[in-house]
Protein chains: 2
Amino acid sequence: MAGIKDVAAHAGVSVATVSRVLNDSPKVSQEARTKVHAAVEALRYRPNAVARSLRTEATHTLGLIIGDILNPFFAVLARAVEDEARAAGYTVVIGNADERPEQQDHYVRTLLEHRVDGLLICPTAEITPLVEDCVEAGGPLVFLDRTLPGLNVPSVRADGTRAIHELVEHIRDLGHRRIAFISGPELLSTGRERTQAFLDAMRANGLEAREEYVEAGDFQEASGRGIAARFLDLPEPPEVIFAGDNLMALGALDEIRARGLRIPDDVALASFDDVAWFVHVDPPITAIAQPAEELGRRAVRALLERIQHRPVESVVLPARLVIRRSCGETETR
Amino acid sequence: MAGIKDVAAHAGVSVATVSRVLNDSPKVSQEARTKVHAAVEALRYRPNAVARSLRTEATHTLGLIIGDILNPFFAVLARAVEDEARAAGYTVVIGNADERPEQQDHYVRTLLEHRVDGLLICPTAEITPLVEDCVEAGGPLVFLDRTLPGLNVPSVRADGTRAIHELVEHIRDLGHRRIAFISGPELLSTGRERTQAFLDAMRANGLEAREEYVEAGDFQEASGRGIAARFLDLPEPPEVIFAGDNLMALGALDEIRARGLRIPDDVALASFDDVAWFVHVDPPITAIAQPAEELGRRAVRALLERIQHRPVESVVLPARLVIRRSCGETETR
DNA sequence: TCCGTTCGTGTAATCGTTTCCATATGCTGC
DNA sequence: GCAGCATATGGAAACGATTACACGAACGGA
């Protein structure tokens with residue numbers, strides 16, 4: 001493949017000049033400019049980003065480590081991150097941690113070795129030595145969707161506390177009392193926060209949060225199904241199942257359907273995370289929607305700031321309740 | 001950040017020796033080995049993949065350009081590609097063409113400049129000069145899911161012909177005659193093939209394929225909705241709507257629901273592409289499932305072969321019909 | 001004792017860029 | 001006619017790794 005030297009030879013100038021026109025430095029004659037462009041064209045020259053990065057210490061690449069690409073929430077997050085990064089002239093390399101700490105580590109190692117200019121991480125449960133190194137080394141890093149306790153790293157995430165309160169209130173207004181919650185992993189900030197918000201909301205609405213009505217899953221479909229099954233097997237099963245993310249809601253839905261139960265008459269269902277197809281199931285599922293695109297965009301903006309060594313604040317965006325029919329019809333309707 | 005020189009100094013050996021232990025070359029003493037490892041540990045040294053790539057002419061990186069990350073089909077494709085690549089020691093950079101040729105071009109340019117070792121492309125409609133260059137230059141390239149006519153590039157894709165025949169047969173057995181097809185872009189191989197298969201299947205089953213019952217969308221939700229609306233507005237609307245991909249099926253579903261029509265009594269629905277939530281809508285949607293994971297895995301295997309300059313054959317895997325209830329109940333049930 | 005191997009190591013060239021510095025050229029103003 | 005300056009250009013040194021090559025030491029067999 002043609003290199004910059006070939007271009008220089010073909011154009012009859014030095015490599016320095018070629019480099020200058022390619023980076024459109026002002027100090028180059030119009031004549032040289034045209035000759036170089038012609039040569040580039042003729043030789044189908046493509047600058048070698050590897051060599052460039054070596055010299056400039058910048059790859060114009062961002063790393064993004066997400067929990068699970070098959071989870072629609074992360075898919076829209078990834079999409080938004082990519083769009084915003086592209087607009088700023090950056091390429092993003094996505095790593096799929098699959099919610100496994102060792103795979104997350106694999107990707108931070110790989111991305112660090114590839115010398116990405118900055119790293120966006122949706123941290124999995126554990127705080128691994130590697131990410132610790134990473135923050136110590138002070139490489140540009142921002143957490144997305146989730147945070148890790150005790151680490152001084154800016155984060156961009158949604159807060160569902162208010163929406164969860166509204167949801168519990170909505171459910172109570174519908175006349176239900178026994179609400180069960182399929183929570184996320186205790187180690188994940190999102191898991192903890194949602195559980196806490198749920199418990200608070202129950203109390204605030206004068207509802208009893210029974211211990212057997214709260215169980216932690218792992219944000220994957222199978223765990224949602226298993227936990228829903230256990231809830232339903234209880235001597236006094238809940239009237240409502242609230243799933244901590246869309247995948248676990250899918251699992252719960254599976255289990256409810258498999259038992260031939262009707263929603264919301266036999267058991268009602270609600271979910272954290274809103275996804276496109278929720279409106280298409282029968283009945284449409286009441287859910288809490290996170291501003292995923294906005295989170296993605298804000299995260300890369302924050303990261304770019306950090307890359308330029310500007311201080312950045314964490315950002316927290318509110319999630320919002322979208323009421324559909326899976327918990328029952330409201331009276332006014 | 002510590003470089004190989006620092007490690008060498010700290011260990012009291014030359015950079016060559018450090019490099020040798022890092023690449024575990026056999027010709028190095030046990031003593032040097034331990035000293036180097038200690039130094040690596042102490043300095044938290046991370047090899048610079050950029051420099052390494054410059055020297056070795058290999059990035060151990062694969063590029064993947066997909067149509068739309070928000071389309072679950074591409075999401076599972078991407079996931080499978082990433083898994084298989086990681087197992088082989090490669091990182092993959094995903095480019096989201098968003099079905100736009102210019103954005104596809106943006107990514108092939110970027111990935112080429114980053115000197116990826118190989119490229120996996122799900123080509124959008126047009127055959128752009130850039131991908132043409134790409135095949136001429138002979139860089140390792142394989143098409144995934146779709147092909148481009150007249151280009152000698154190996155491809156890995158699914159063939160739905162057989163499944164479409166079975167679907168039309170199934171629908172006919174249910175007593176329907178008027179089937180409409182929301183086709184994909186004529187310029188996409190997947191679009192063309194599915195349309196052709198549909199037309200053939202109609203003929204083979206003695207059904208009339210009316211011209212007004214076939215219209216091409218762009219594989220996105222909105223077009224599915226619009227076309228479904230036009231079908232439903234026809235003086236004699238179809239009894240069945242068959243969508244050429246899952247997003248257009250979603251659009252059609254929207255439109256059907258918006259009109260308060262019941263499935264399958266007022267109008268039946270079927271889709272190419274099977275996605276997880278199809279089983280959860282009411283009624284569950286009959287669909288043609290593509291072996292997406294398998295496609296992804298086979299594609300990277302093929303690409304790795306090409307990278308090693310071994311000849312590869314195109315692979316075609318059959319899609320399969322999964323009958324649910326959106327076209328009506330079968331008599332035997 | 002000496003030659004030929006083997007083994008471990010170090011020196012230095014190299015990959016394709018960017019960029020600092022020096023230099024050549026032409027022009028202005030005295 | 002020449003100092004002073006701006007402008008365009010080229011030469012060459014980085015960047016951080018890999019690796020061909022050479023070299024010295026140790027060792028065995030003659």
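Ionic pairing of A/R79 and A/E82 is not present here: no N-O contact between side-chain nitrogen and carboxylate oxygen is shorter than 4.0 angstrom. Using a 4.0 Å cut-off between charged nitrogen and carboxylate oxygen, B/R310 and B/E305 count as a salt-bridge pair. A salt bridge links A/R301 to A/E84: at least one charged side-chain nitrogen sits closer than 4.0 Å to a carboxylate oxygen. Ion pairing between a basic and an acidic side chain is recognised when a charged N comes within 4.0 Å of a carboxylate O; A/R297 and A/E293 show no such pairing.
Listed by residue number, B/S29, B/A32 are the residues of residues 29-42 of chain B with a heavy-atom contact under 4.0 Å to DNA chain C.
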### Task
Show your working on side chain to side chain contact (heavy atoms under 4.5 Å, CB included) between B/S155 and B/V142 and close with a plain yes or no.
CA-CA 5 Å; B/S155 63; B/V142 352; 5.9 Å; no
### Message
side chain to side chain contact (heavy atoms under 4.5 Å, CB included), that's the test. Do B/Q290 and B/F73 meet it? Break it down for me.
### Response
CA-CA 8 Å; B/Q290 299 194 68; B/F73 169 74; 3.7 Å; yes
### Worked verdict on A/R157 versus A/R146 for side chain to side chain contact (heavy atoms under 4.5 Å, CB included)
CA-CA 6 Å; A/R157 59 189 219 279; A/R146 307 164 176 175; over 6 Å; no
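Using a distance-only test at 3.5 Å, with no hydrogens or angles considered, no donor-acceptor pair links the side chain of A/S314 to the main chain of A/P154.
Here CG of A/D145 is found 13.0 Å from CD1 of A/I121. Values are rounded to the nearest 0.5 Å.
If you walk DNA chain C from 5' to 3' and mark each nucleotide with an atom closer than 4.0 Å to a heavy atom of chain B, the marks span C/dG8 to C/dG16.
The closest side-chain donor-acceptor pair between B/T124 and B/E99, if any, does not fall under 3.5 angstrom.
We find that NZ of A/K27 is positioned 12 Å from C1' of D/dC5, with the value rounded to whole Å.
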## Note on the structure
Under a 4.0 Å heavy-atom criterion, the protein footprint on nucleotides 13-23 of chain D, written with B, S and -, is BBBBBBB----
